*Asks:* 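Sharing a structure, written as structure tokens. Questions coming.
What you are looking at is a predicted structure, and each value in this text was computed from that prediction instead of being measured. Just so it is clear, the values below take in all heavy atoms, side chains as well, and ignore hydrogens, waters and symmetry mates. Naming: A, B, ... by sequence-line order, numbering from 1 per chain.
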Number of protein chains: 2
Amino acid sequence: MSGKPAQRLASGGGAAVDDRSVAARLFAILDAFATPAGATSFTLSLTAIAQRAGLPLSTTHRLVAEWVGWGGLTRQDNGQYSLGMKLWELGVQTPTARNLRTIALPYLEDLYETTREHVHLAILDGRDALYLEKLSGHHAVRLTSRVGARLPLHSTGVGLVLLAHAPTDVVQDYLATSLERFLPGTVTEPDAVRRRLAEIRLTGVARMSEEMTLGSSSIAAPIRDRTGLVVAAVSIVIRTTDTANPEQERAVRVAAQGVSRALGYRRAQQ
Amino acid sequence: MSGKPAQRLASGGGAAVDDRSVAARLFAILDAFATPAGATSFTLSLTAIAQRAGLPLSTTHRLVAEWVGWGGLTRQDNGQYSLGMKLWELGVQTPTARNLRTIALPYLEDLYETTREHVHLAILDGRDALYLEKLSGHHAVRLTSRVGARLPLHSTGVGLVLLAHAPTDVVQDYLATSLERFLPGTVTEPDAVRRRLAEIRLTGVARMSEEMTLGSSSIAAPIRDRTGLVVAAVSIVIRTTDTANPEQERAVRVAAQGVSRALGYRRAQQ
DNA sequence: CGACGGGTTCCATTCAGTGGAAGTTCTTGG
DNA sequence: CCAAGAACTTCCACTGAATGGAACCCGTCG
């Protein structure tokens, strides 16, 4: 790093210079709260935030205070910090999530009622399936998914559907990296995945069985907007042992079509 | 559009001083997106953001770029900006919203199924009822409410329930200001409201009729946590013309109790 | 009691952020 | 077709806001 004659610590360690902008530091603080894995959301102490964000304590202290002042973070009685309501309020206003959810929810409810199984709504975001909504009864199978979670495209029903209808370069790109095998049943071989995608495009539904969670299978179908583009996917997650029920598949299709129609899709082609 | 740009003109047309911190300016930009009234969420041009945030265009340009880089804002094809998915992702992680929602949703679904009416879940936040969840079928009455919306405490079912169980100083404070009369039926007289609150505490339900929206009534009940504290309220919104149905009230109670029990409430007192 | 780990405050230093202005692109309309 | 204008982007000299090390505070533990 000969470029910048920036501040240099006299000590032999030669600590790295932090050239992040104030904004970047503020964001780093929020990112410290990104819930890992499927864990339940949590709280952090000031020091913990400082560590995760890679910031000096005093700086963290000041910036965290700014967040709290605005409502993006909340300080709890025990001194721990957590994400604040303001963030939630703004978050739910996000157009994609809000519009899709509002329109889709009634159909998802119908689907839940007729099948009594977990119902998922997801969109493609980057290289992941992002779960926008999840309905599930009191009982139902334990699952990794939750609203706001990201799950892989190749091992989930909604993921495969989204991938099947994604631009070719996205598919190319996705299959170029090695796909994680979560269970023995997970299909990870690129060509095998490609064959599945083709079949999904043909039949209009994806069926998965024990590729992410033991004991659970899923049936997923695409949601199209007015232009015919696939913008989301619905699925139900069922116990693997249940006998294959054509009614279930039909219900998923009906729901997907209902939402598509509500979005203005008129089955022009197909 | 709230808080006017913090500009203070020195006598004689001197330059304005803006003593906001970088963080405050970043927040002001996000706040520019706070959806007004009940309008559908929207997009803003750079110039519009600058105006609403009270910032010079070049500064706005730079800061908006930071937001976009992080994912808090998204630039659309037409050049307009809107809230970004990252914000949604973090927002749904907010503990209060997430936990309550997760626990309550199954019961809300039950309630929706048995009544087929709008179902609301709200908490008290500041001087407003903040709507955490809303289920509604395809048909159903048109409403002002939506997830993430804030509505007054005195003119909504959930609002009254929350107020009825709020600390006395909150009630005091709330009733000290003049309450807006949305419809002829809105009860705005402090003492009349107080009497209602007492009754709600006694009976355990609130009934409203055409106090916010013409043609719609609501039935609301409190949700308690393990300590017995009222942390939220559920309600259904029904057509006013419908004959009073004791089944509906019972369904609301059942839902509220179900959620309370799931939160660990054991009906110690009462 | 002393030490320790978390949190808070202080303040001299300096460099990141600022914003006016000039440059660029896209529209409008004459 | 070009001029006028609006919206956006880039530039850069200046400066005061942000920085972070250090000192301080406070509750807890052995």
*Asks:* If only side-chain N and O atoms of B:His61 are considered, is one of them under 4.0 Å from the OP1 or OP2 phosphate oxygen of D:dT9?
*Replies:* yes
*Asks:* Take the protein atom CD of B:Glu66 and the nucleotide atom C1' of C:dG17, then report the distance between them rounded to whole Å.
*Replies:* 10 Å
*Asks:* B:Leu63 or A:Gly79: which one's nearest nucleotide on DNA chain C is closer to the 5' end?
*Replies:* A:Gly79
*Asks:* List the atom pairs, with distances to 0.1 Å, where a side-chain N or O of residues 122-130 of chain A and a protein N or O form a donor-acceptor pair under 3.5 Å, not counting sequence neighbours.
*Replies:*
residue, atom, partner, partner atom, Å
A:Asp125, OD2, A:Arg150, NH1, 3.4
A:Asp125, OD2, A:Arg150, NH2, 2.6
A:Arg127, NH1, A:Asp173, OD2, 3.3
A:Arg127, NH2, A:Thr177, OG1, 2.7
A:Asp128, OD2, A:Arg150, NH1, 3.2

*Asks:* Whole angstroms only, please: what is the CG-P distance between A:Asn78 and D:dT28?
*Replies:* 13 Å
*Asks:* Is there a side-chain contact between B:Pro95 and A:Trp88 (heavy atoms, below 4.5 Å)?
*Replies:* no
*Asks:* For B:Leu46 and D:dA6, what is the distance between atoms CG and C1' respectively, to the nearest whole Å?
*Replies:* 13 Å
*Asks:* Under 4.0 Å from OP1 or OP2 of D:dG16: is there any side-chain N or O of B:Arg20 that close?
*Replies:* no
*Asks:* Please confirm whether the shortest side-chain N or O distance from B:Thr47 to OP1 or OP2 of D:dC8 is below 4.0 Å.
*Replies:* yes
*Asks:* Separation of B:Ile49 atom CD1 from D:dA7 atom C1', in whole Å?
*Replies:* 13 Å
*Asks:* In whole angstrom, what separates B:Leu73's CG from D:dC8's P?
*Replies:* 14 Å
*Asks:* Can you figure out which of D:dC8, C:dG7, D:dG20 approaches the side chain of A:Arg62 most closely?
*Replies:* D:dG20
*Asks:* Using a 3.5 Å distance criterion without hydrogens, assess whether the side chain of B:Arg226 forms a donor-acceptor pair with backbone atoms of B:Gly264.
*Replies:* no
*Asks:* Please state whether the phosphate of D:dA17, meaning OP1 or OP2, lies under 4.0 angstrom from any side-chain nitrogen or oxygen of B:Ser21.
*Replies:* no
*Asks:* B:Leu26 has an atom CG; how far is it from atom C1' of C:dT18, in whole Å?
*Replies:* 13 Å
*Asks:* Within this structure, what is the OG1-CG distance for the pair B:Thr60 and B:Leu46, rounded to the nearest 0.5 Å?
*Replies:* 6.0 Å
*Asks:* So which of A:Ile200, A:Ile223, A:Leu153 actually passes side-chain contact (heavy atoms from CB on, under 4.5 Å) with A:Val161?
*Replies:* A:Ile200
*Asks:* Can you find an N or O donor on one side and an acceptor on the other, under 3.5 Å apart, linking the side chain of B:Ser58 with the base of C:dG20?
*Replies:* yes
*Asks:* Looking at C:dG17, I'd like to know if its phosphate oxygens (OP1 or OP2) sit under 4.0 Å from a side-chain N or O belonging to A:Arg25.
*Replies:* no
*Asks:* Rounded to the nearest Å, what distance is computed from the CD atom of residue B:Gln76 to the P atom of nucleotide D:dC8?
*Replies:* 13 Å
*Asks:* C:dG19, OP1 or OP2 - any side-chain N/O from B:Thr59 closer than 4.0 Å?
*Replies:* yes
*Asks:* A:Val22 or A:Leu57: which one's nearest nucleotide on DNA chain C is closer to the 5' end?
*Replies:* A:Leu57
*Asks:* Write down the distance between CD (A:Gln51) and P (C:dG7), rounded to a whole number of angstrom.
*Replies:* 10 Å
